[in-house]
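Below is one structure, written out as structure tokens; comments come after it.
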There are 2 protein chains.
Amino acid sequence: MSASETHWLSSEQQRAWRAFIIGSTLLTDTLDRELRQAHGLSLGEYEILVRLSESPDRTLRMAQIAESMQHSRSRVTHTVSRMEKAGLIARCAAEGDRRGVEARMTDKGWDLLVQAAPTHVNGVREHFVDLAGDAEFATMGKLMNAVADHLLAVNPAFEDIRDTAE
Amino acid sequence: MSASETHWLSSEQQRAWRAFIIGSTLLTDTLDRELRQAHGLSLGEYEILVRLSESPDRTLRMAQIAESMQHSRSRVTHTVSRMEKAGLIARCAAEGDRRGVEARMTDKGWDLLVQAAPTHVNGVREHFVDLAGDAEFATMGKLMNAVADHLLAVNPAFEDIRDTAE
DNA sequence: GCATAGACGTTGAAACTTCAACTACATCTC
DNA sequence: GAGATGTAGTTGAAGTTTCAACGTCTATGC
């Protein structure tokens, strides 16, 4: 990638790329809006609740949330603070590491997740899954998996940095 | 979608969906960061410049920018203001409609776009296009196109609203 | 022609994210 | 076992996006 001539995209590739950008923007915006309107929850908050719900004791360390969401630590601090104020999450000291903080989903958080999940899943189906054949959808999944793997591998910064001075 | 039983995703679908979320997040974050580091330009600003560069007179009405980017009008106002302050864009009164404002790319904006485009295209290739076979990439493009069409059709709000009281 | 409604864009405040310190604790090294 | 370095999380300010209200102009209906 260091030649002086850039290898531009074909017009077909360009169309596909733009469809990706606009489609994924529209899709996440729509899912976010549906969740907000129905349950007052952003897509990001919803995803935090999902991760907590899948963890033992419905509890996760702050850093694990940050890593799995690809968010900076400080973003997670702020988001969890808001969710704590809303009563969806409680913070506790982590066992075994006195620096650590654990976020635990409250019953109220669980109840909200139970309500919100159908909204979200129906949205994902209606706006995405059902628009593709099974094979198409699987192809997309494989490709995006490769993208994620590639970027995690290529970009050491993603392991953790994001918030530390580079 | 109104039955009381939710039709959950299969675990394979769930994996594909999560790959999509994480992959697209990582991808846009990476492209954004590469552009910022190399040229001090965000991905959104870059895309505005691209759209201007493709328009007659390198000029576009504010509302056209907003619509094509799926951004709210006020977001475009703020972004264009920053880009104007940076000397990349100039605002002029629109002809024929005294309410209107046109954003015109300056020479400085053009020069920056010329510099930035290879960075962006190389990133898109390296992190996305080259990871897929042509057929795979085309499949993805077709799917995302369907998603965009569906959401634009289903959601009248996207035509314009976004900033107006709903 | 006047009133009402609609469209264009801006404004300022609130909400959210990023960025650069910073505190506290853990680990590593000698 | 003391100092250096690294990790966990927070903080507050700066930057960006959203939200609601507004001012201006255009189009519509009467």
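Just so it is clear, the model here is predicted, and its values are computed rather than measured. Every chain is numbered from 1 and lettered A, B, ... according to where its sequence line falls, protein lines coming before strand lines.
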Touch class at under 4.0 angstrom, heavy-atom based, for A:S81 against every strand present: nothing

Modelled atom types, side-chain donor and acceptor of B:T106 and B:R58, under 3.5 Å: no

Geometric class of the B:F137/B:F128 ring pair [parallel <30°, tilted 30-60°, perpendicular >60°]: perpendicular

A:I65 CD1 - D:dA8 P separation (whole Å): 14 Å

A:T77 side chain, from C-beta outward: closest of D:dT10, D:dA8, D:dC25: D:dT10

Non-neighbouring partners of A:R99 that pass side chain to side chain contact (heavy atoms under 4.5 Å, CB included), sequence neighbours left out: A:D97

Rounded interatomic separation in angstrom, taking CZ from A:R75 and P from C:dT17: 4 Å

Any B:R91 side-chain heavy atom under 4.5 Å of B:R104 side chain: no

Side chain to side chain contact (heavy atoms under 4.5 Å, CB included) against B:E54, all qualifying residues, sequence neighbours excluded: A:R18, B:V50

4.5 Å side-chain heavy-atom contact, A:L60 and A:R51: yes

Sorted by number, the residues of residues 83-96 of chain B with heavy-atom contact under 4.0 Å to DNA chain C: B:R91

Distance, rounded to the nearest Å, where B:D29 contributes CG and C:dC19 contributes P: 10 Å

A:R36 vs A:V76, nearer the 5' end of DNA chain D by closest nucleotide: A:V76

Side-chain N,O (B:R98) to OP1/OP2 (D:dT26) below 4.0 Å: yes

Closest listed nucleotide, where the reference is the side chain of B:R99 and the choices are C:dG9, D:dT18, C:dC8: C:dC8

Polar side-chain atom of A:E126 near backbone of A:G123 as donor-acceptor pair, under 3.5 Å: no

Contact summary for A:T119 and A:E34, nearest pair of heavy atoms: CG2-O, 4.2 Å

B:R33/B:D29 ion pair, N-O < 4.0 Å: no

DNA chain D contacts among residues 48-55 of chain B, heavy-atom distance under 4.0 Å: none

Non-neighbouring partners of A:H39 that pass ring pair (Phe, Tyr, Trp, His ring centres under 6.0 Å), sequence neighbours left out: none

Nearest-angstrom distance from the residue atom CZ of B:R61 to C1' of D:dC25: 11 Å

Whole angstrom value for the distance that separates C1' of C:dC16 from CG of A:L41: 15 Å

Separation of atom CE in B:M62 from atom C1' in D:dT24, rounded to whole Å: 15 Å

A:Q64 CD - D:dG9 C1' separation (whole Å): 14 Å

pair B:L49-B:M83: side-chain heavy atoms closer than 4.5 Å: yes

Sugar-phosphate only, base, or nothing, as touched by B:S42 at under 4.0 Å among non-hydrogen atoms: nothing

Can you pull every protein N or O that's under 3.5 Å from an N or O on nucleotides 12-15 of chain C?
from	atom 1	to	atom 2	distance (Å)
C:dG12	O6	B:H78	NE2	3.2

B:N145 side chain to A:A19 backbone, donor-acceptor under 3.5 Å: no

Interatomic distance, A:D97 CG vs D:dA8 P [rounded to whole Å]: 8 Å

